[in-house]
Amino acid sequence: MLIEIKNLNLRLTLIRAMQLFGVLSLFLSVFAMLLLYLEWKLVGIYLFGASLLSLLISLGISFWEVSISVTALRVHLKDLFEETKNKV
């Protein structure tokens, strides 16, 4: 049970970080578009690059969280299968 709580806590931390980087990515891309519209091209290009990097980080964290979730689900399903098998 303690392992499941630690697993859930890690997943919540990852989800919070994923959302933070996702929102940061959107904010930076919108700000970059504004700067490009105002013809601050160099700053806008670098800011857009930073938004893409932030999006990549968010997607990487998302993949990590999904892999943890799938592993936890497989363990749970294995336990259920063994429990059902023992009852029969």
Side-chain angles (χ1 to χ4, degrees):
M1 186 66 157
L2 184 61
I3 294 172
E4 292 174 0
I5 293 172
K6 285 183 180 180
N7 189 351
L8 186 59
N9 190 33
L10 174 61
R11 288 178 55 206
L12 289 173
T13 301
L14 290 174
I15 290 169
R16 185 177 28 212
M18 176 186 62
Q19 289 176 342
L20 173 77
F21 281 104
V23 169
L24 180 64
S25 173
L26 287 172
F27 176 79
L28 290 175
S29 66
V30 169
F31 197 58
M33 285 187 271
L34 177 65
L35 290 176
L36 290 170
Y37 177 77
L38 296 174
E39 297 185 4
W40 288 29
K41 291 184 181 178
L42 188 61
V43 178
I45 288 170
Y46 282 118
L47 212 56
F48 187 70
S51 77
L52 291 177
L53 181 62
S54 180
L55 182 60
L56 280 173
I57 292 169
S58 177
L59 290 172
I61 293 170
S62 174
F63 181 77
W64 184 11
E65 193 278 327
V66 167
S67 67
I68 291 171
S69 298
V70 168
T71 302
L73 184 58
R74 283 188 178 148
V75 168
H76 185 66
L77 288 174
K78 181 182 173 190
D79 291 344
L80 286 176
F81 178 74
E82 289 177 2
E83 209 174 275
T84 305
K85 187 176 156 182
N86 290 337
K87 287 183 179 180
V88 174

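Worth knowing before you read on, the calculation uses all heavy atoms, side chains too, and leaves out hydrogens, waters and symmetry mates. These numbers were taken from a predicted model, which means no experiment stands behind them.
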So, for Met18 and Ser58, which heavy atoms are closest and what is the spacing to 0.1 Å?
-> O-OG, 2.9 Å
Of the non-hydrogen atoms in Ser51 and Ser29, which two are nearest, and what is the gap between them?
-> CB-N, 3.5 Å
Ile61, Leu55: one ILVMFWY side-chain cluster at the under-4.5 Å cut-off?
-> no
Close side-chain approach of Leu20 and Arg16, heavy atoms under 4.5 Å = no
Could you tell me whether Ile3 atom CD1 has more than 12 heavy atoms of other residues or ligands within 6.0 Å of it?
-> no
Thr71 side chain vs Ser67 backbone, donor-acceptor pair below 3.5 Å | yes
Gap between atom CD1 of Ile68 and atom CZ of Phe63 - 0.5 Å precision | 11.0 Å
What distance separates Ile15 CD1 from Ser69 OG, expressed to the nearest 0.5 Å?
-> 6.5 Å
Where do Leu35 and Gly44 come nearest, in terms of heavy atoms and distance?
-> CB-CA, 4.0 Å
What pair of heavy atoms forms the shortest contact from Phe48 to Ala32, and how long is it?
-> N-CB, 3.6 Å
When clusters are formed by joining ILVMFWY residues with side-chain heavy atoms under 4.5 Å apart, either directly or through shared neighbours, do Leu24 and Leu52 land in the same one?
-> no
Should Val30 and Val23 be counted in the same cluster of Ile, Leu, Val, Met, Phe, Trp and Tyr side chains packed under 4.5 Å apart?
-> no
What pair of heavy atoms forms the shortest contact from Leu28 to Leu47, and how long is it?
-> CD2-CD1, 3.9 Å
Shared hydrophobic cluster, Met33 / Leu38 (ILVMFWY, side-chain heavy atoms < 4.5 Å) = no
From CH2 (Trp40) to OH (Tyr46), nearest 0.5 Å = 16.0 Å
Side chain to side chain contact (heavy atoms under 4.5 Å, CB included) between Leu10 and Lys6: does it pass, once the steps are laid out?
-> CA-CA 6 Å; Leu10 174 61; Lys6 285 183 180 180; over 6 Å; no
Can you measure from CG (Leu12) to CG (Asn7) and round to the nearest 0.5 angstrom?
-> 10.0 Å
Can any side-chain N or O of Thr13 pair as donor or acceptor with the backbone N or O of Asn9 at less than 3.5 Å?
-> yes
